[in-house]
Amino acid sequence: MDLNFTPDELAFRDEIRAWVAANLPKDISHKVHNALHLSKEDMQRWARILGKQGWHGWAWPKQFGGPGWNVIQRHLFEEECALAGAPRVVPFGPVMVAPVIMAFGSPEQQARHLPGIMSGEVWWSQGYSEPGAGSDLASLKTRAERRGDVYVVNGQKTWTTLGQHGDWIFCLVRTSSEGKPQTGISFLLIDMKSPGITVRPIITLDGSHEVNEVWFDNVEVPVENRVGEENKGWTYAKHLLAHERTNIADVNRAKRELERLKRIARAEGVYEDTRFRDEIARLEVDIVALEMMVLRVLSAEKSGKAALDVAGLLKIRGSEIQQRYSELMMLAGGPWTLPFIQEAMEAGWQGDHVGAAHCAPLAATYFNMRKTTIYGGSNEVQRNIVSATVLGS
Amino acid sequence: MDLNFTPDELAFRDEIRAWVAANLPKDISHKVHNALHLSKEDMQRWARILGKQGWHGWAWPKQFGGPGWNVIQRHLFEEECALAGAPRVVPFGPVMVAPVIMAFGSPEQQARHLPGIMSGEVWWSQGYSEPGAGSDLASLKTRAERRGDVYVVNGQKTWTTLGQHGDWIFCLVRTSSEGKPQTGISFLLIDMKSPGITVRPIITLDGSHEVNEVWFDNVEVPVENRVGEENKGWTYAKHLLAHERTNIADVNRAKRELERLKRIARAEGVYEDTRFRDEIARLEVDIVALEMMVLRVLSAEKSGKAALDVAGLLKIRGSEIQQRYSELMMLAGGPWTLPFIQEAMEAGWQGDHVGAAHCAPLAATYFNMRKTTIYGGSNEVQRNIVSATVLGS
Amino acid sequence: MDFDFTDDQESLRDAVRRWVDKGFSFERRHALAKAGGATRAVYGELAELGLAGLAVPEAHGGMGFGPVEAMVVCEELGRGLVNAPYVHGALVAPALLAAAPAELQAAWLPKVADASALVVLAAQEAGARYRLDRVSTQAHASGDGWTLTGAKGVVPAGDEADAYVVPARWSGTPDDAAGIGLFLVERQAAGVTVRGYPTQDGARAAELSLAGAQAALISRDGLPVLEHAVDVGIAGVCAEAVGLMDRLTAMTVDYLNTRKQFGVALSSFQALRHRIADVKMQLELARSMSYFASLKLGEPAAARRRALAQAKYQINQSARFVGQQCVQLHGGIGVTDEYAGSHYFKRLTMIELQFGDSMHQLGEVSARMQDTAGVFA
Amino acid sequence: MDFDFTDDQESLRDAVRRWVDKGFSFERRHALAKAGGATRAVYGELAELGLAGLAVPEAHGGMGFGPVEAMVVCEELGRGLVNAPYVHGALVAPALLAAAPAELQAAWLPKVADASALVVLAAQEAGARYRLDRVSTQAHASGDGWTLTGAKGVVPAGDEADAYVVPARWSGTPDDAAGIGLFLVERQAAGVTVRGYPTQDGARAAELSLAGAQAALISRDGLPVLEHAVDVGIAGVCAEAVGLMDRLTAMTVDYLNTRKQFGVALSSFQALRHRIADVKMQLELARSMSYFASLKLGEPAAARRRALAQAKYQINQSARFVGQQCVQLHGGIGVTDEYAGSHYFKRLTMIELQFGDSMHQLGEVSARMQDTAGVFA
């Protein structure tokens with residue numbers, strides 16, 4: 001047992017740290033460190049920088065053009081990016097659909113899609129959720145009817161994060177209504193420029209446009225864009241979800257945000273207040289404990305000795321911590337978080353701030369963070385899963 | 001809307017206060033104020049004092065020898081007794097079985113049992129719970145077979161509070177196994193000196209003997225001791241439970257114990273500590289809010305305008321508050337609560353205390369209080385009930 | 001001891017509720033918020049019901065009602081998610097002006113009563129957080145009047161108001177309890193600059209800058225008046241929060257009973273049922289403490305302050321729990337802008353930050369703790 | 001970065017577990033507690049496995065193992081609800097004696113290693129709560145030795161011990177960090193009075209009175225040594241708590257899967273299932289922080305103190321939640337003396353009060369907070 005990274009791992013971290021310091025644009029990290037609005041261009045600029053280095057798919061094996069890092073290296077890379085204030089990589093391409101294409105896609109699909117994902121050029125979206133099928137994914141209704149060489153897709157997806165920017169979308173669609181709901185689902189890759197696709201914004205309670213509805217009206221999708229076998233999509237979807245590992249805990253971001261919370265608390269004069277400071281101290285312990293749990297998972301993955309089945313716990317705890325630091329930041333801002341001035345959340349705004357500039361996004365971020373215990377399998381669903389494992393029934 | 005009591009009510013309160021001050025033995029209130037062990041004699045002494053005044057059945061109507069007080073008067077009486085450090089009246093006689101006998105008992109049963117209950121001479125116990133039928137009362141198995149003029153009772157009751165002192169016990173027994181579990185239950189009054197009854201102590205985690213198992217081995221109970229009709233006992237039991245009103249919140253005791261907590265915290269040097277004092281302040285708000293909820297119920301009962309269906313909430317909140325003040329007292333005592341010296345919890349013990357004398361019972365009380373969220377319908381069952389009301393389903 | 005409402009109070013409640021049902025749909029509220037949050041017109045409609053003058057003495061054209069009537073109105077406004085500056089314009093302002101010289105009262109209270117003037121408290125200063133005694137704005141006696149210099153922030157409905165009640169210091173250093181005066185400043189006065197903006201809860205607020213602005217003295221010993229008026233405001237938002245929570249809970253109950261997942265109604269899941277029981281608990285605790293707040297407003301200052309701090313602490317705790325859990329129980333729909341529930345949640349959040357958050361109130365409760373406890377302690 | 005146990009560590013774990021399975025049933029534990037809580041004999045059995053000398057250097061007859069081995073043993077002792085004074089006798093005592101002059105080490109460590117001597121820390125004073133620098137017991141140099149006068153309370157296994165390590169003041173006033181020495185006092189020395197009694201967790205403790213008792217100096221600069229040794233103790237009870245929670249959770253899972261109510265197993269109720277998920281969460285957070293505690297013991301004092309305070313805070317929170325909820329999930333049986341689970345709960349409770357409760361630890365964390373955060377901060 002050893003808490004410390006090996007000299008090799010430390011050298012790797014230093015290398016990453018130096019590269020990020022040299023390559024992460026300062027205007028972008030400024031926005032991240034201050035929770036200011038990130039444009040599509042910001043996100044894509046960083047994706048391309050990573051892509052050029054071959055790191056946009058940082059978890060990919062070498063055979064598909066990835067760096068072939070082990071779990072520790074991946075973790076260190078993620079940590080360095082997060083602490084330096086890099087935007088979160090939009091996961092739908094490199095983290096979600098790519099592993100499915102690698103595992104189940106045809107060589108043609110791999111050749112066609114993986115390079116664009118790695119380079120950061122092609123923006124992918126996710127078409128899983130439907131109205132009426134949130135946590136109960138298997139009850140999805142979007143159907144794809146086979147007509148010769150194409151599927152004709154009709155239906156609606158929702159909660160499509162950043163889908164307004166999407167070039168492609170991967171979708172679970174119903175190709176058969178026989179058997180259990182899980183059977184009869186296929187996994188399609190769909191060009192979002194196809195005729196019949198409409199993307200409609202969903203404005204969330206914080207006033208931002210982050211999620212969308214995607215409507216399919218007789219959209220023709222070539223059969224060659226189906227991944228794997230027809231009606232086996234559920235299997236591939238589960239594979240994808242299994243790839244959401246420790247990063248669902250988002251502990252590296254939490255560490256960065258805790259530092260921000262301390263800065264804000266100090267500026268607002270509550271860092272030395274026993275009551276407020278105690279809340280920060282509690283959160284600090286929560287984050288250390290979460291990080292230790294993440295490290296335990298990584299160690300178990302590395303050694304392969306004993307798997308740790310705590311993914312549900314990481315999701316629950318990670319999301320609670322995200323909500324808590326956003327809540328404490330808002331409480332630190334206090335009365336000055338009342339204004340809702342959207343321009344004040346843009347970098348370089350020339351207007352007069354109300355209170356300190358750091359107050360502008362605090363309430364909106366708090367409101368936005370309510371999603372974290374709902375999406376990605378609500379925390380209630382996660383507790384179902386955890387308890388089934390613990391109780392063995 | 002008026003928060004204040006009427007002049008009449010205030011006069012009534014003063015009268016009660018003066019009477020309690022004059023009649024509550026100081027040695028008994030000393031024990032109550034310091035959570036020292038109360039003997040059977042202590043409890044019975046107070047019961048007899050109340051009985052002599054005609055107040056041991058303080059909620060009884062005049063026709064059965066009670067004072068005929070309204071809900072406000074009853075509340076004020078309970079509050080004065082609690083704050084003065086009177087022992088809680090053992091409820092099984094005057095609060096639980098007496099209303100059933102009044103409502104459903106024969107004139108003979110009323111004449112035979114009510115005077116002894118009011119006077120405090122006859123100690124009653126409750127025979128509801130069984131092993132395997134805790135919150136699921138309707139699944140009880142103790143059976144009573146009719147043989148001529150007697151029922152022959154066989155089975156086991158458990159969690160019989162203070163049953164070791166009992167003269168009589170009221171029991172739910174199964175007289176028929178047909179129909180739904182709720183049907184086929186009868187309500188019997190049983191002399192605990194009957195041959196075939198064995199009372200076995202259950203020692204609880206705090207080391208005290210407060211509850212018992214009561215075994216019935218061919219116990220003969222005259223049919224005249226059945227209350228009401230055969231197989232209708234469930235109805236009577238529900239009537240009884242409905243009589244557990246606001247006193248399940250036990251808010252008057254909570255106020256007294258909060259005062260004790262403050263005394264202990266001051267003596268242990270934590271009353272001025274921001275962290276500890278904040279916890280007391282939180283509890284104080286909780287108690288005020290609970291008391292307001294109790295007063296709302298009383299007001300609604302008094303006016304009869306709109307019933308408030310919050311009994312489940314009172315039970316949940318009241319028990320949580322009891323656990324919390326006992327926890328905070330233990331935390332105030334801190335390292336000095338480790339000793340387990342049972343004699344030190346007796347009044348007048350001449351031995352050397354470890355730390356301050358007030359530390360002796362703190363851990364035991366905390367352990368003992370874990371029962372409050374379990375008994376009387378566990379808080380989980382209460383949440384079932386509350387949610388059914390709120391959801392209407 | 002009696003918590004029944006009188007028939008007149010029930011009529012008042014019905015009147016407000018009818019107005020909401022007829023005239024203040026969520027669609028209207030949402031459109032107003034989208035258009036920048038100006039609600040002076042809405043406030044005017046409430047005035048037509050006589051509500052602007054609810055707390056103004058009859059001698060000045062008001063209804064002269066007390067805290068219970070105010071509570072009834074605020075609860076209904078909360079239930080309807082009405083974002084007009086009612087608590088500030090109709091409750092806090094009269095409480096402040098009650099300390100003014102007779103001629104000032106005579107000049108302003110009738111206008112407050114018919115809403116021809118909207119007068120709001122402008123108290124917030126940088127670095128003061130929720131402390132009322134931390135006042136830096138300076139008051140200078142000049143001739144037979146006063147001029148004020150300083151800045152006040154997040155003034156409710158600040159750019160819709162006609163005048164401000166401004167705490168300013170005529171003596172002492174920023175944290176001194178003594179030397180704080182209360183002044184009335186007209187928006188049109190020279191040296192007054194107002195910068196308005198929309199707020200998170202769909203209304204408006206403003207930054208107020210005072211550069212030698214002419215002011216009328218309300219009271220030289222302003223802090224006790226200010227504390228009382230803020231307690232009036234606390235009771236108002238407590239009642240509003242109860243209305244918000246009551247309605248939000250009802251909406252959530254409807255959702256759980258309607259929405260199906262895994263083939264059954266959400267309300268059939270025990271974990272969600274128990275959550276609703278916990279929501280109901282917080283709602284009823286909050287309602288109890290809202291009553292407590294209003295019924296303790298008439299007590300002497302020390303007892304009133306203790307009670308109002310206790311009440312606001314409970315309401316803050318309840319507002320956060322009920323708001324967060326009702327959003328959570330709705331799932332995705334709960335975090336959308338088009339769904340009314342999310343706006344109830346946002347208003348509840350902002351109420352928590354108004355007149356003192358939970359940490360502040362807990363400090364107030366702790367500082368005022370006595371040996372005894374309870375409603376009548 | 002590696003959290004696997006070595007084969008040797010796994011063997012150590014198995015050895016302890018086998019001993020528990022064979023020789024330390026709950027019935028035996030319960031009988032010992034009922035008989036007054038004396039467990040010196042049990043400690044002797046652990047010594048036969050070599051465990052008493054686990055942390056004693058090999059040069060003094062011990063095994064010279066580090067914090068991870070100690071953690072493994074403590075977790076297993078927790079799982080088995082073993083109430084022998086292992087953390088104090090085998091971990092804290094060697095950490096204290098490590099600062100002693102060579103001859104004192106040579107005289108005592110071999111006896112500690114084979115358990116022929118039980119040496120325990122006697123630090124608690126009236127009014128000190130969890131502060132280690134609040135020392136009133138006086139140390140006087142006399143000839144070439146020292147005498148101590150004062151009183152120490154709730155000394156673990158106090159009337160079963162052979163000697164005490166006593167913090168006493170040779171200079172300064174009660175709260176001074178300087179001037180605190182550490183001394184070894186033999187139980188048989190003149191002026192030593194011991195009054196033992198049973199404890200809530202089934203063992204024994206004692207009041208120790210020192211009236212000019214002869215003492216041997218361990219260290220004049222005692223506070224840093226004491227703080228380190230207490231951190232060793234914290235890591236020990238953290239691991240023990242994890243073992244306790246792990247077993248108590250397993251017992252609760254068994255109960256939920258077995259016990260039926262309303263015709264179905266308790267484990268089919270979603271509200272109880274979610275509670276078990278929350279219990280599992282607290283268990284795994286505690287386990288993570290127990291690792292953290294042990295792995296940070298070797299850090300410099302400031303980093304070590306911060307980490308150990310963080311760990312103990314988490315363990316305290318987890319211990320309380322898991323203990324309370326597992327009792328609750330058992331219903332009535334959970335509050336009976338004859339059921340093992342209630343004794344797990346009681347031991348968890350007493351661990352919370354040992355070496356600092358949650359409020360104390362939070363204060364320590366807060367006082368040591370830095371701008372950065374995390375495991376490696």
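Computed over heavy atoms, backbone and side chain alike; hydrogens, waters and symmetry mates excluded. Throughout, protein chains are lettered first and strands after them, A, B, ... in sequence-line order, and every chain is numbered starting at 1.
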Worksheet item: Looking at Tyr130(D) and Pro335(B), what are the two nearest heavy atoms and their distance?
Response: OH-CD, 3.4 Å
Worksheet item: With no hydrogens and no angle check, do the side chains of Glu380(B) and Gln328(D) hold a donor and an acceptor under 3.5 Å apart?
Response: yes
Discussion item. Could you tell me if the side chain of Pro339(B) sits less than 4.5 Å from the side chain of Val154(D), heavy atoms only?
Written reply: yes
Worksheet, complete the sentence: Cut-off 4.5 Å, heavy atoms of chain D, and the answer for Ala267(B) is neither
Response to the item:
Against chain D, residues from residues 203-215 of chain B with at least one heavy atom under 4.5 Å, in numeric order, are Ile203(B), Thr204(B), Leu205(B)
Worksheet item: What residue, out of Arg195(D), Arg275(D), Glu338(D), has the most heavy-atom pairs lying under 4.5 Å from chain B?
Response: Arg195(D)
Worksheet entry | CD1 on Ile202(B) to OH on Tyr339(D), rounded to 0.5 Å | 15.0 Å
Fill in: Parallel, tilted or perpendicular: rings of Phe367(B) and Phe345(D) (30°, 60°)
perpendicular
Response to the item:
Heavy-atom closest pair (Met330(B) atom, Met350(D) atom, distance to 0.1 Å) is SD-CE, 4.4 Å
Worksheet item: If every non-hydrogen atom of Trp159(B) is compared with every non-hydrogen atom of Thr336(D), which pair is closest and at what distance?
Response: CH2-CG2, 3.5 Å
Practice prompt. Select, from Thr373(B), Leu338(B), Leu331(B), Val270(B), the one with the greatest count of heavy-atom pairs under 4.5 Å involving chain D.
Written response: Leu338(B)
Practice prompt. Write out, in numerical order, the residues from residues 349-359 of chain B with a heavy atom short of 4.5 Å from a heavy atom in chain D.
Written response: Asp352(B), His353(B), Val354(B)
Worksheet item: Heavy-atom distance under 4.5 Å between the side chains of Phe262(D) and Ser139(B), does that happen here?
Response: no
Response to the item:
Assert top hit (heavy-atom pairs under 4.5 Å, partner chain B, pool Ala271(D), Ala205(D), Gly332(D)) equals Gly332(D)
Worksheet item: Which bit of Arg204(D) is near chain B, if near means a heavy-atom gap under 4.5 Å: side chain, backbone, both or neither?
Response: neither
Item to complete: Between chain B and each of Gly127(D), Pro198(D), Gly153(D), count heavy-atom pairs under 4.5 Å; write down the option with the most.
Response: Pro198(D)
Item to complete: Using the side-chain contact (heavy atoms from CB on, under 4.5 Å) rule, take Ser366(D) and Arg275(B) through it: C-alpha gap first, then chi angles, then the decisive distance, then the call.
Response: CA-CA 12 Å; Ser366(D) 172; Arg275(B) 284 184 191 95; 4.2 Å; yes
Discussion item. Do Glu327(B) and Gln324(D) make a side-chain contact, defined as non-hydrogen atoms from C-beta onward lying under 4.5 Å apart?
Written reply: yes
Worksheet item: Which region of Tyr366(B), side chain (C-beta onward) or backbone (N, CA, C, O), has a non-hydrogen atom less than 4.5 Å from a non-hydrogen atom of chain D, or is it both or neither?
Response: side chain
Worksheet entry | Part of Ser358(D) lying under 4.5 Å from any heavy atom of chain B | neither
